[in-house]
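What follows is a single structure, written as C-alpha cells, with notes after it.
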Amino acid sequence: MSERESMEYDVVIVGAGPAGLSAAIRLKQLAGKNDQDITVCVLEKGAEVGAHILSGAIIDPIALNELIPDWRERGAPLTVKVTESPHWVLTPKKHLTLPSIFLPPFMHNKGFYTGSLGSLCRWLATEAESLGVDIFPGFVAADILYDENDQVKGIVTGDMGVGKDGKARPDFQPGMELRGRYTFFAEGARGHLTKRVIRKFELDAESQPQVYGLGIKELWEVLPEKHVAGRVIHTQGWPLKSEVGGGFIYHQENNQVSLGFVVGLGYSNPYLSPFQEFQRWKEHPSIRPLLEGGRRIAYGARVINEGGYQAIPKLIFPGGALIGCSAGFVNVPRIKGTHGAMKSAMLAAEAAFAAIQKETPSDLLQDYPDNFEKSWLATELKNARNAEPAIAHFGPLIGSAIAGTDLWMRSLGIKLPFTLGHRPDNSTLVSKDKAKKLNYPKADGTISFDRLSSVYLSNTQHDENEPCHLKLKDSSVAIKVNWEEYDSPESRYCPAGVYEIIEEDSKPRLQINAQNCLHCKTCDIKDPTGNIEWVAPQGGEGPNYPNM
C-alpha cells in the first residue's frame, strides 16, 4: 500500500451534476469579480461528465439566467422550447385531457426548455473549466476526511485495483486525499456519502423522512411525421391504481422523444414492478402509435427526491454543505428539480465565498440556509409541499383533489395552516400473504422490452473482479425476511435485474448481479429492513449515458 497523496483546495465539490457545476462556476465568478484567487475542484464518479446524469427533462431557466445570463449566446444546448403541454388522465382504453385552466399557473411549462440534462452538464463543465475549475471525472468520492474536531476537511477518492477478496491487485493504485476549507456534497438523490454526513451530524433530526420516486426513462427516435418538437405530455392514472406516479412524453430535437414513468417508492404491494408498469404504460392506445415504426436508442433509471420542503434536512455541517438533490430541492408537482439544484448551489457558493474572505472563516456557512429561506426557491417549495403526501395519504382521486385545491389556494396567496408528513418508503410494504400477485404481459421486443436488453442500452460496465458495491448488512435477512415475508421484492423493484432468487441445493439463494447496476439507488431505499446498502464502485463504472 502506497501512502496517499493529497491536494489542497478552498472548496471540494462531490458530483458534477447541475448543482456541483453551478456551485463551482459561481465561486469562480465571485472570485473574478473581486480579484480573488479561489481554488475549486469537482469530483465526478462517472467516466465523463454527464455519464450518470438522467432526467426527463423540462428545465425552467430561472436559475441559469441568474448564473450565466448570456447562456443562449454562449451555446448552451437548450434549443427546444415547450410549445404545448397537455396533461392526460389515462383510463385503460383512452385518455382524457385535463384543461390547462385546472392547473395552477406555476405548473404550466410553455416557454421552458426540453432537452438532455447530461448535455447541459457537459456544457456547464466546459464553462467551469474555462474559469479555472479542476474537474476530475472517473474518480469516486469513497470516504470523508475529518479533523480532530470532527469538522469535514475533504474527501478520499476510491482505491483502484482492489480484487474481489478485498486485497490489492498488481494494478493497485491508492486513492487521493482532496482537502478543502469547505466540502459540498452534490451527489444527487440518496448519495452514499451524503447519507453518512446526515447521520453523523443528525441533519434530519427536525425534518420529515425523505421519500423517493423511481424514474425509468427511454429515449426513442420516432418517425418524422409523428414528431412535434416542443410538445410535452404528462400522464396520470392507468396503469397505476392506488400508487403515486405517472408518465411523461417530451418531444425534443432530431426526431427524438424522451419518455418515461415514475413510480413513488411508497407503494405497498411487494409484487409491483415499476419497470413492468412502464412497459405496460407504453402499450396504451394513446401512446403506442407514437412509438410504432420508431426505435429505442437509450435506457436508464434513477430515483428522484419527492419529500418536498418538509423533508429537506439541515443544509450545513462543520466544514461544508448539502446542495442540489443531495438535500432534495425537487418541486414534485412541477416535476422539476434542475433549477432548484442550481439555485441552492449558487446560494451555498456565495456563502462559502463570503466566509473565505474573512480573516477567521467560520466552519458553519450559516448564510446559506438563511438566504435559502429568503429565496424564491424556498417560497416555491413551501407552496408545493402538500402535493405528494396528499396523494400518498388519500389516493390518486381524493389526494389529487386535495393537492390541487391546496396548490390553487397557495397560488392565490391563501396559505393553509398545515403541512402533511411522510412515511419512510421501506416501511410501506405489506406481506405477500396480504398482497395480490400481478401478472405482467410478456415483452414484444418492439414497444415493450425485458430488463436485460434494456440494461444493454445503458452502456453499463463494472469490473467483475472487484468487491461487490451492493452490501448486505446481514446476508441471512435476504431469505429469512425478504423471501419468506415479501417474496423477494428486490427482484421486482430493481429496474436492472440485479437481484435474482435462484435455487441451490433445493433452497432459495439471493444472487446479486452487480455488473447490471444502474446506480439508481432503489434497493438502498426500498429494502424492507434497510439491509441493502449501495456504495460507490470504482470510479468510471456504472452506466454511460450519452444524452439522457
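All residue numbers in this chain count up from 1 along the given sequence.
When every heavy atom of S344 is checked against every heavy atom of L377, the shortest pair comes out as N-CD2, 4.1 Å. Here the closest non-hydrogen pair linking D165 and K167 is OD1-N, 3.0 Å. L365 approaches A355 most closely through the heavy-atom pair CD2-CB, 3.7 Å. Considering every non-hydrogen atom in both P313 and A327, the closest pair reads CD-O, 3.3 Å. Smallest separation of non-hydrogen atoms from I323 and A186: CG1-CB, 3.6 Å. Heavy atoms only, all atoms of each residue included: L470 and V498 are closest at CD1-CG1, 3.5 Å.
Salt bridge annotation for D363-R181: absent, with no cationic side-chain nitrogen under 4.0 angstrom from a carboxylate oxygen. Taking a cutoff of 4.0 Å between a charged side-chain nitrogen and a carboxylate oxygen, E466 and K164 do not qualify as a salt bridge. A salt bridge does not link E533 with K473: every distance from a Lys NZ or Arg NE/NH1/NH2 to an Asp or Glu carboxylate oxygen is 4.0 Å or more. For E48 and R122, the salt-bridge test passes: some basic side-chain N is under 4.0 Å from an acidic carboxylate O. Between D425 and R190 there is no salt bridge, since no side-chain nitrogen of the basic residue lies less than 4.0 Å from a carboxylate oxygen of the acidic one.
Within the structure, the salt bridge (Lys or Arg N to Asp or Glu O under 4.0 Å) test picks out no pair touching residues 201-213 (sequence neighbours left out).
Inter-residue side-chain proximity for C523 and C494 is flagged as unmet; no heavy-atom pair is nearer than 4.5 Å. A heavy-atom distance below 4.5 Å is not found between the side chains of W534 and C520. E129 is not listed as a side-chain neighbour of I25, based on a closest heavy-atom distance of 4.5 Å or more.
A donor atom on one side chain and an acceptor atom on the other are found under 3.5 Å apart for E253 and T79. Using modelled atom types and a 3.5 Å distance limit, the side chains of S85 and N109 yield a donor-acceptor pair. Counting only N and O atoms by type, the side chains of D134 and Y9 include a donor and acceptor under 3.5 Å apart. Checking E380 against H339 by side-chain atom types alone, a donor-acceptor pair falls below 3.5 Å.
Aromatic rings of H462 and H519 (six-membered ring for Trp) have centroids within the 6.0 Å cut-off, being under it. Ring centroids of F329 and F372 are separated by less than 6.0 Å, placing the two rings close together.
Atom OH of Y545 sits about 11.0 Å away from atom CG of L457, to the nearest 0.5 Å. Going from atom CD1 of I38 over to atom CG of D10 covers 5.5 Å, rounded to the nearest 0.5 Å. In this structure, the separation between CG on L117 and CE on M548 is 11.5 Å, given to the nearest 0.5 Å. Rounding to the nearest 0.5 Å places CG of N383 at 7.5 Å from CZ of R385. Taken to the nearest 0.5 Å, the CD1 atom of I216 stands 7.5 Å off from the OG1 atom of T522. A distance of 4.5 Å separates CD1 in I68 from CD in E127, rounded to the nearest 0.5 Å.
A donor-acceptor pair under 3.5 Å is formed between the side chain of R302 and the backbone N or O of A189. With hydrogens and angles ignored, the 3.5 Å screen pairs a side-chain donor or acceptor of Q252 with a backbone N or O of G115. A donor-acceptor pair under 3.5 Å is formed between the side chain of D463 and the backbone N or O of N465. Using a distance-only test at 3.5 Å, with no hydrogens or angles considered, a donor-acceptor pair links the side chain of D147 to the main chain of N149. Judged purely by atom type and a 3.5 angstrom limit, H422 uses its side chain to pair as donor or acceptor with the backbone of G307. When atom types are taken as modelled, the side chain of E306 and the backbone of Q210 share no donor-acceptor pair closer than 3.5 angstrom. Counting only distance, with no hydrogens or angles, the side chain of K28 and the backbone of A128 share no donor-acceptor pair below 3.5 Å. Listed for the N305 side chain is no donor-acceptor partner under 3.5 Å among the backbone atoms of V330. In this structure, the side chain of T460 does not engage the main chain of N516 through any donor-acceptor pair within 3.5 Å. Between the side chain of S6 and the backbone N or O of E177 there is no donor-acceptor pair closer than 3.5 Å.
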For a quick test of your reading: what N or O donor-acceptor pairs under 3.5 Å do the side chains of residues 50-60 make, sequence neighbours left out?
unit_1: H52; atom_1: ND1; unit_2: K45; atom_2: NZ; d: 2.8
unit_1: H52; atom_1: NE2; unit_2: E541; atom_2: O; d: 3.0
unit_1: H52; atom_1: NE2; unit_2: P543; atom_2: O; d: 3.2
unit_1: D60; atom_1: OD1; unit_2: I62; atom_2: N; d: 3.1
unit_1: D60; atom_1: OD2; unit_2: R334; atom_2: NH1; d: 3.4
unit_1: D60; atom_1: OD2; unit_2: R334; atom_2: NH2; d: 3.0

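Within 6.0 Å of atom CZ in R74, 12 or fewer heavy atoms from other residues, nucleotides or ligands are found, so the atom counts as exposed in its surroundings. More than 12 heavy atoms of other residues, nucleotides or ligands lie within 6.0 Å of NZ in K471, so this atom counts as buried by the packing criterion. Residue-environment remark: CD (E464) stays at or below the threshold of 12 foreign heavy atoms within 6.0 Å. The local environment of CD in Q357 is crowded, with over 12 non-hydrogen atoms from other residues, nucleotides or ligands closer than 6.0 Å. Counting heavy atoms of neighbouring residues, nucleotides and ligands inside a 6.0 Å radius, atom CD of Q36 exceeds 12 of them.
T194 is linked by a side-chain contact (heavy atoms from CB on, under 4.5 Å) to F185, E187, I198, L322, S326, counting only residues two or more places apart in sequence or in another chain. Residues passing the ring-ring contact (aromatic ring centres under 6.0 Å, His included) test with Y182, sequence neighbours excluded: none. Residues meeting the ring-ring contact (aromatic ring centres under 6.0 Å, His included) test with Y113, sequence neighbours left out: W71. The side-chain contact (heavy atoms from CB on, under 4.5 Å) check on E373 picks up Y309, A378, K382, with sequence neighbours excluded.
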Worksheet entry | Test log, rule side-chain contact (heavy atoms from CB on, under 4.5 Å), inputs V133 and C41 | CA-CA 6 Å; V133 176; C41 77; 5.9 Å; no

Worksheet item: So I316 and K314, side-chain contact (heavy atoms from CB on, under 4.5 Å) or not? Walk me through it.
Response: CA-CA 6 Å; I316 56 174; K314 188 177 179 181; 4.3 Å; yes

Worksheet entry | L67/R26 under side-chain contact (heavy atoms from CB on, under 4.5 Å): CA gap, chis, key distance, verdict | CA-CA 7 Å; L67 182 67; R26 192 73 184 122; 4.1 Å; yes

Worksheet item: Can you check side-chain contact (heavy atoms from CB on, under 4.5 Å) on S207 and Q310, steps first, answer last?
Response: CA-CA 6 Å; S207 61; Q310 60 269 48; over 6 Å; no

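Using a 30° and 60° split on the angle between ring planes, F201 and F317 fall in the parallel class, below 30°.
For the pair K200 and Y146, the cation-pi criterion (under 6.0 Å, within 45° of the ring axis) is fulfilled.
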